[in-house]
Amino acid sequence: QENLMESGGGSVQTGGSLTLACQASVTAYNSDCMAWFRQRPGYGREPIGNIDRSGHTDVEVALRGRGTISRDDAGNTLYLRINDLTPDDTATYYCAAGAGTVISPCEAYYIGQDFQFWGKGTQVTVSS
């Protein structure tokens with residue numbers, strides 16, 4: 001059984017929207033921090049945003065205003081919704097989960113430390 005499994009990727013036209021889901025095991029979902037990353041063609045993996053167990057979220061500038069991260073505690077599921085998609089959003093999207101500290105649940109995210117759990121990714125392709 002995978003600890004994290006992404007779904008919801010696919011092909012969409014510019015201006016469209018997608019909601020990605022990340023189904024988590026209980027262990028992974030109870031991590032201090034869950035996050036989304038993406039890897040665009042020709043680029044390294046980049047962070048998109050995170051959410052801690054209290055529901056506090058932080059979204060990177062590239063998606064601010066059109067990206068929303070949320071979680072469903074009943075279903076152990078993490079979500080990423082992106083509106084107004086452009087070809088620059090074409091990427092493989094990954095969810096991750098890991099430990100943090102009491103003061104900074106998503107410390108690993110901000111200091112570039114590896115997360116304990118990773119999904120295998122879901123592909124999003126945006127056509128112009």
Checking [X] side chain against [Y] main chain: does a donor-acceptor pair fall under 3.5 Å?
X      : Y      : result
Gln39  : Tyr43  : yes
Arg71  : Asp52  : yes
Gln116 : Ala28  : no
Thr14  : Ser127 : yes
Glu6   : Cys22  : no
Arg64  : Val59  : yes
Tyr29  : Asp72  : yes

So Tyr94 and Trp118, would you call those rings parallel, tilted or perpendicular, with 30° and 60° as cut-offs? perpendicular
Anything under 30° is parallel, anything over 60° is perpendicular, the rest tilted; go ahead and classify Phe37 against Tyr109.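 Phe37 and Tyr109: tilted rings.
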Candidate pair Ile82 and Leu63, rule side chain to side chain contact (heavy atoms under 4.5 Å, CB included), full reasoning: CA-CA 8 Å; Ile82 308 175; Leu63 290 183; 4.0 Å; yes
If every non-hydrogen atom of [X] is compared with every non-hydrogen atom of [Y], which pair is closest and at what distance?
X      : Y     : result
Leu20  : Gly9  : CD2-N, 3.6 Å
Glu2   : Ser25 : O-CB, 4.5 Å
Cys95  : Leu78 : CB-CD2, 4.0 Å
Ala91  : Arg38 : CB-CB, 3.9 Å
Arg66  : Asp84 : NH1-O, 3.3 Å
Ala108 : Ala99 : CB-O, 4.1 Å

Give a yes or no on whether Ile51 and Met5 share a hydrophobic cluster (residues Ile, Leu, Val, Met, Phe, Trp, Tyr; joining criterion: side-chain heavy atoms under 4.5 Å apart).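 In one cluster: no.
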What distance do [X] atom [atom1] and [Y] atom [atom2] have between them, rounded to the nearest 0.5 Å?
X     : Y      : atom1 : atom2 : value
Asn83 : Arg81  : CG    : CZ    : 4.5 Å
Asn30 : Asn76  : CG    : CG    : 7.0 Å
Leu18 : Thr125 : CG    : OG1   : 9.5 Å

Under a single-linkage rule joining Ile, Leu, Val, Met, Phe, Trp and Tyr whose side-chain heavy atoms are separated by less than 4.5 Å, which residues share a cluster with Val102?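 The other cluster members (ILVMFWY side chains, heavy atoms under 4.5 Å, direct or chained): none.
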Residues clustered with Val26, ILVMFWY side-chain links under 4.5 angstrom: none
Side chain to side chain contact (heavy atoms under 4.5 Å, CB included) between Thr92 and Arg45, intermediate numbers included: CA-CA 9 Å; Thr92 300; Arg45 189 174 64 196; over 6 Å; no
If you apply the rule side chain to side chain contact (heavy atoms under 4.5 Å, CB included), what do you find for Thr90 with Gln123, and how did you get there? CA-CA 8 Å; Thr90 294; Gln123 177 68 37; 4.0 Å; yes
List for me each residue that meets ring pair (Phe, Tyr, Trp, His ring centres under 6.0 Å) alongside Phe117, sequence neighbours excluded, and say none if there are none. none
